[in-house]
Amino acid sequence: MSVLDSLNPQQKEAVKYFDGPSLIVAGPGSGKTRVLTHKIAYLIKERGVSPFEILGITFTNKAANEIKERVGNLMGASTRVPWLGTFHSMCARILRKEASLLGISPNYVIYDTDDQKSLIKHIAKDLDIPPRTNLSVALSSISSAKNELVTFEDYEKYAYGPFQKDVARIYREYQKRLHQSNALDFDDLIFKTIELFSLNEGLRDTYSRRFKYILIDEYQDTNHAQYVISKLLAKNHNNICAVGDMSQAIYSFRGADFRNILNFQRDYPAAKIFNLAQNYRSTKTIIDAAKNIIKHNDNHIDLDLWTQNDKGDLISLYEAEDEKEESLYIGFNIIDKVLKGSSSYKDFAVLYRTNAQSRSVEEQFIRLGIPYKLIGGIKFYSRKEIKDALSFLRVIQNPKDSVSWERIINTPPRGVGKKSVDDLSKSGWDLSLIEQKTRLPIKGLIRNKDAMPVVELLDKILDVSGYNEYLNDGTEEGLYRLENLKELKSVASQFLTLEDFLENVSLVEALDVPTTNNDRSISTDKDTVTLMTLHSAKGLEFKEVFIIGMEEGLLPHSKSLFAKEDIEEERRLCYVGITRAKEKIHLTYTRSRLYLGSMNSNIVSRFVSEIPGEYIRFNTKSGMQTIHMDKGLEKYLDNLEDSRDFNL
DNA sequence: CGAATTGAGTTTTTT
DNA sequence: ACTCAATTCG
């Protein structure tokens, strides 16, 4: 059996093409992951390429793991799987090995957004930056600069006006302190790797020669630095395969530049283009509606998506009184179908533009007894106790890490005040001085860090620092936090070295730790409705999808209304949402809604009116009554403890 | 030092 | 409406 079997002709062509650059334009539901995995398997199995010579880059680590697993299935477990990861994880790996050439020691730590914020706050104070300076904006300016490969020297040269001049000073100092702390931020991982490759042509050549085949997924969401590094790596063999779809570019707010995909042919003139336009996921109605919306974008290359699937149901549109009724409507619809046995909870997803919208849905789902999981929201790794525990580990791994020291030097409170912190900071976090002031036996732990399993190290430091005792204060909250630490320990137990563990924690998004109303289990295959933002829905599919808040000001979001390109991105977001559904789309909007504390009356989203009327069935309250009167649902509601106020 | 009160800022989010 | 951070008070 060949790895080419079970592919359609276009997919087959895209998989088979291997000598030279190519761009695979993959519409939603067109079997993109299938093509990627089969292409890797094809190269290894039928073209005799060594896994060692293949590099695969994805948008998230989750996607990388999925591809790893699926390639493994195609190949049989004995074959080695190629390098697969994100741009960041690839660069972290290269730097871990080669960073000494840049004067960075290999035990560097990676600073996340919180670490960056506290560092920058310090800097602003020390440099006497005016107190009203918006430091978040300053930080994102620095981040954008790095994504555009602008050094602080260049930034200083071109800074215009007082704010940018301040940012320039912060940027310089920020880099200096990162270096002193032996730390890199996310942007640095890529920035420094590019720097490394330009300073050391031989090294670039080594990696570029090694990777005969480079595959990059979600190419429309790459930023400039990522674009440059992929070009550097592809220089020798020119075998770069970019996969993406401009209609699904939704991350420009993070520096992604979809012109990278539009310019692919200019950058690689020999490039062959493959279009995957057949959709296997959705009904004709859904595909047609999505196409009608996206064609309103000027900046849109028509892929002419099509499907052989049936027409299916019409798109349902519901005008609710307010957000409560909107949520109730969703809940009733779901219960009705589950009771009838035609669907189970996991077939449904509720998608929204902003996280704040999830609350009313959650409230009603809890009342109605609908199990759900909320994706996003509070991240596991940004919880206080997790950050504290990791800071303890990070100072053991890298005793120069000033941000981590400042976080835990007086946690739990042990009488180290501002003055002492200053002294310690000035000493460059001198370990003897620290032990003297805190009685924290840190030296011994640093000496023995590799002599014991990570979990044991974690247990020890949490004990000797008094952290365990500090949380064990008998409160509900303390117990919950200890529970979370247990979770962290179970993750830690999967790693052999401290370095491995810390790198994974920094680079890999929280293992699925969704909050559920039933229990705190982290198992993901529960029969629950999924609640998430449109952004996090990319790449997923559900039988039925509710997109709520189809209102001007929410989708498109009010902050996007001023610029045409921003509206176009909102439209792509809507397109992504609609194409998640296999069988049915429900759109809802409200006459008025309570949002961030004030009442708003929004008009229905322009994207709704871009769908031709013949695809839509307008649902009214009386339509709801027919569900409401249904015997099964009525009985269900009667059995609930809190059955007040269910009349619409 | 730590608790309590006030105040600003709330799009999307991965790495 | 609500969170989170910064400042002020005991």
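Proteins get letters first, then strands, A, B, ... in listed order; numbering begins at 1 in each. Side-chain atoms are counted along with the backbone in the values below, which use heavy atoms only and exclude waters and symmetry mates.
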Peer 1: Nearest to the side chain of A:Thr354, which nucleotide is it out of B:dT12, B:dT15, B:dT10?
Peer 2: B:dT12
Peer 1: Do A:Ser360 and A:Glu326 meet the criterion of a side-chain donor-acceptor pair at a distance under 3.5 Å?
Peer 2: no
Peer 1: Both A:Ser560 and A:Asn410 contact DNA chain B. Which one's nearest nucleotide lies toward the 5' end?
Peer 2: A:Asn410
Peer 1: Check the distance between B:dT11's C1' and A:Glu565's CD and give it to me in whole angstrom.
Peer 2: 16 Å
Peer 1: For A:Tyr111 and A:Asp401, which I'm curious about, is there any donor-acceptor pair between the side chains at under 3.5 Å?
Peer 2: yes
Peer 1: Do A:Glu98 and A:Tyr207 meet the criterion of a side-chain donor-acceptor pair at a distance under 3.5 Å?
Peer 2: yes
Peer 1: For nucleotides 1-10 of chain C, read 5' to 3', which letter fits each nucleotide if B means a protein heavy atom sits under 4.0 Å from the base, S means only the sugar-phosphate is that close, and - means neither?
Peer 2: BS---S----
Peer 1: So, A:Arg394 and A:Ser404: side-chain donor and acceptor under 3.5 Å apart, yes or no?
Peer 2: yes
Peer 1: Let me know the distance between CG of A:Leu189 and P of B:dT15, rounded to the nearest Å.
Peer 2: 12 Å
Peer 1: Closer than 4.0 Å, any side-chain N/O of A:Asn355 to the OP1 or OP2 of B:dT12?
Peer 2: yes
Peer 1: For A:Ser558, answer base if it contacts any base atom (sugar-phosphate contacts may also be present), sugar-phosphate if it contacts only those atoms, and nothing otherwise; contact means non-hydrogen atoms under 4.0 Å.
Peer 2: nothing
Peer 1: Choose from B:dT11, B:dT13, B:dT15 the nucleotide whose nearest atom is closest to any side-chain atom of A:Asn61.
Peer 2: B:dT15
Peer 1: Between A:Asn134 and B:dA8, is there a contact of a side-chain N or O with OP1 or OP2 at under 4.0 Å?
Peer 2: no
Peer 1: Under 3.5 Å, is there a donor-acceptor pair linking the side chains of A:Gln116 and A:Tyr174?
Peer 2: yes
Peer 1: At under 4.0 Å, does any side-chain N or O of A:Thr86 touch on OP1 or OP2 of B:dT14?
Peer 2: no
Peer 1: Does A:Lys538 make a cation-pi contact with A:Phe59 (under 6.0 Å, within 45 degrees of the axis)?
Peer 2: yes
Peer 1: Stacking here means centres under 5.5 Å and planes under 30°; does A:Phe253 stack on B:dT12?
Peer 2: yes
Peer 1: Do A:Tyr219 and A:Ser230 get their side chains close enough for a donor-acceptor pair, meaning under 3.5 Å?
Peer 2: no
Peer 1: How many Å lie between CD on A:Glu551 and P on B:dT11, as a whole number?
Peer 2: 16 Å
Peer 1: Could you say whether the aromatic ring of A:His557 and the base of B:dT11 stack, counting only centre distances under 5.5 Å and plane angles under 30°?
Peer 2: yes
Peer 1: Distance between the P atoms of C:dC4 and B:dT13, in whole angstroms?
Peer 2: 16 Å
